[in-house]
Amino acid sequence: MNQADLQALRTPLLVLVAVLLVAAAAVYSTEQLKSSSERQLAQQQARLNEARTRLQKSGDEKNIIVRYRDAFRALQRGGFVGDEKRINWLDGLRLTNREADLFGIDYQIGAQKKYQYAADLDPGQVELFESVMRLRFRLLHEEDIIRFFDLLARQNLGLFHVDRCDMRRIDTRGVIRFQPNVSADCEVSWITAKVKPSGGSK
């Protein structure tokens, strides 16, 4: 092969090299495009799965709401769910005092605070609060205090529990008549609940 032959092959060789370079670039570009498309597809698939999960969750939440809506509203009407209804409590105390035929009640209501045993109950998205009410009674006999709290519970004023009751006999000097013979000093916790706003408690 002489110089003339090499000169004649030079152009075809340059074209071949150029074609090979273009082909290599096309292959590389195709691989990059494929990788990018696969990443985008994976992202779209993840978004789709997330949307399906949210849709499923919203459906579950709707079913739960429908299933427990009436019970929840009953708890609201009963004073357990929502803001405290202290006026109702006091009206209930006065009415129960009359029904139980007691000698009057003195009361004090403390400030509302987080329910001290809430963590033990694990209430989830519900916050529990309590307000401690101190009650002082004068009773004809010890059974009056049991009758009083039974009557109070029937008034559907909310959830409460008796923390303690200290009772002492009153010295009547032997006088026999309709008068208080026992004094009682009780502490009652009124419990209320609120649903935490979305994102947690404030």
Side-chain angles (χ1 to χ4, degrees), residues 53-54 56-170 180-202:
T53 301
R54 283 202 305 268
Q56 178 68 35
K57 186 177 179 182
S58 68
D60 293 343
E61 289 174 349
K62 180 182 178 182
N63 292 336
I64 290 172
I65 290 170
V66 170
R67 186 185 311 165
Y68 296 107
R69 178 178 54 202
D70 292 341
F72 181 78
R73 287 177 177 169
L75 291 173
Q76 284 182 315
R77 289 192 300 271
F80 175 62
V81 175
D83 295 328
E84 289 184 326
K85 295 180 173 58
R86 294 191 173 201
I87 298 297
N88 293 357
W89 296 349
L90 300 182
D91 289 343
L93 288 177
R94 296 186 188 102
L95 179 60
T96 304
N97 174 65
R98 286 199 303 270
E99 290 181 355
D101 198 21
L102 302 183
F103 297 92
I105 304 172
D106 294 326
Y107 56 82
Q108 293 176 327
I109 306 179
Q112 187 185 57
K113 59 185 179 181
K114 293 278 185 74
Y115 184 51
Q116 58 181 328
Y117 302 113
D120 298 335
L121 300 175
D122 189 20
Q125 288 300 110
V126 175
E127 290 183 296
L128 297 176
F129 299 90
E130 68 175 337
S131 294
V132 177
M133 179 185 292
R134 186 172 182 183
L135 304 174
R136 297 185 184 88
F137 307 85
R138 290 179 302 155
L139 312 169
L140 188 63
H141 50 76
E142 291 85 350
E143 291 182 4
D144 284 346
I145 196 71
I146 298 174
R147 190 159 51 91
F148 171 84
F149 285 119
D150 284 344
L151 290 170
L152 185 63
R154 293 176 194 171
Q155 293 199 39
N156 198 27
L157 297 171
L159 180 66
F160 70 88
H161 65 78
V162 181
D163 296 323
R164 67 168 185 84
C165 269
D166 298 326
M167 290 188 283
R168 293 190 301 275
R169 186 150 301 274
I170 298 173
N181 296 300
V182 177
S183 67
D185 187 344
C186 300
E187 285 188 357
V188 177
S189 291
W190 290 89
I191 312 299
T192 53
K194 292 182 182 179
V195 178
K196 294 179 184 178
S198 299
S201 61
K202 295 180 180 179

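Because the structure is a prediction, the values reported are computed rather than measured.
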> Is the shortest heavy-atom distance from the side chain of Tyr107 to the side chain of Leu93 under 4.5 Å?
Replying inline: yes
>> For a quick test of reading the model, state the closest non-hydrogen atom pair linking Arg86 to Ser131 and the distance between them.
In response: NH2-OG, 3.2 Å
> Say you draw a straight line from CG of Asp144 to CE of Met167; how long is it, rounded to the nearest 0.5 Å?
Replying inline: 10.0 Å
> More than 12 non-hydrogen atoms from neighbouring residues, nucleotides or ligands closer than 6.0 Å to CD on Glu143, yes or no?
Replying inline: no
>> When you compare the side chain of Ser189 with that of Val132, does any pair of heavy atoms fall below 4.5 Å?
In response: yes
> Would you say the side chain of Glu84 lies within less than 4.5 Å of the side chain of Phe129, judging by non-hydrogen atoms?
Replying inline: no
> From Lys85 NZ over to Thr192 OG1, what is the distance, rounded to the nearest 0.5 angstrom?
Replying inline: 9.0 Å
>> Testing the basics here: between Ala193 and Val126, what is the closest heavy-atom pair and its distance to 0.1 Å?
In response: CB-CG1, 3.7 Å
>> If I compare all heavy atoms of Ile145 with all of Cys186, which pair ends up nearest, and what's the gap?
In response: CD1-SG, 4.0 Å
>> Using the rule side chain to side chain contact (heavy atoms under 4.5 Å, CB included), only one of Met133, Glu187, Arg134 pairs with Gln108; which is it?
In response: Arg134
> Leu102 and Phe148: side-chain contact (heavy atoms from CB on, under 4.5 Å), yes or no, with the steps?
Replying inline: CA-CA 8 Å; Leu102 302 183; Phe148 171 84; 3.7 Å; yes
>> Nearest 0.5 angstrom please: Asp185 CG to Arg136 CZ, how far?
In response: 5.5 Å
> How far apart are the closest heavy atoms of Lys114 and Glu127, and which atoms are they?
Replying inline: CE-OE2, 3.8 Å
> How about Asn181 and Arg169: do any of their side-chain heavy atoms sit closer than 4.5 Å?
Replying inline: yes
> Does the side chain of Leu140 come within less than 4.5 Å of Phe103's, by heavy atoms?
Replying inline: yes
>> Within the supplied structure, the quantity of interest is the number of heavy atoms (other residues, nucleotides, ligands) at a distance under 6.0 Å from Arg164 CZ; does it exceed 12?
In response: yes
> Where the side chain of Arg94 meets the backbone of Ile105, is there a donor-acceptor pair that is under 3.5 Å apart?
Replying inline: no
> Are any side-chain N or O atoms of Asn97 and backbone N or O atoms of Gly104, one a donor and one an acceptor, separated by less than 3.5 Å?
Replying inline: yes
Could you go through residues 149-162 and list every donor-acceptor pair under 3.5 Å that involves a side-chain atom there, pairing it with any protein atom two or more places apart or in another chain?
| residue | atom | partner | partner atom | Å |
| --- | --- | --- | --- | --- |
| Gln155 | NE2 | Gly92 | O | 3.2 |
| Gln155 | NE2 | Thr96 | OG1 | 2.3 |
| His161 | ND1 | Asp163 | OD1 | 2.8 |

> Out of Ile109, Val188, Asp106, which residue meets the side chain to side chain contact (heavy atoms under 4.5 Å, CB included) rule with Leu135?
Replying inline: Val188
>> Could you measure the distance from the CD atom of Gln112 to the CD1 atom of Ile191? Nearest 0.5 Å is fine.
In response: 10.0 Å
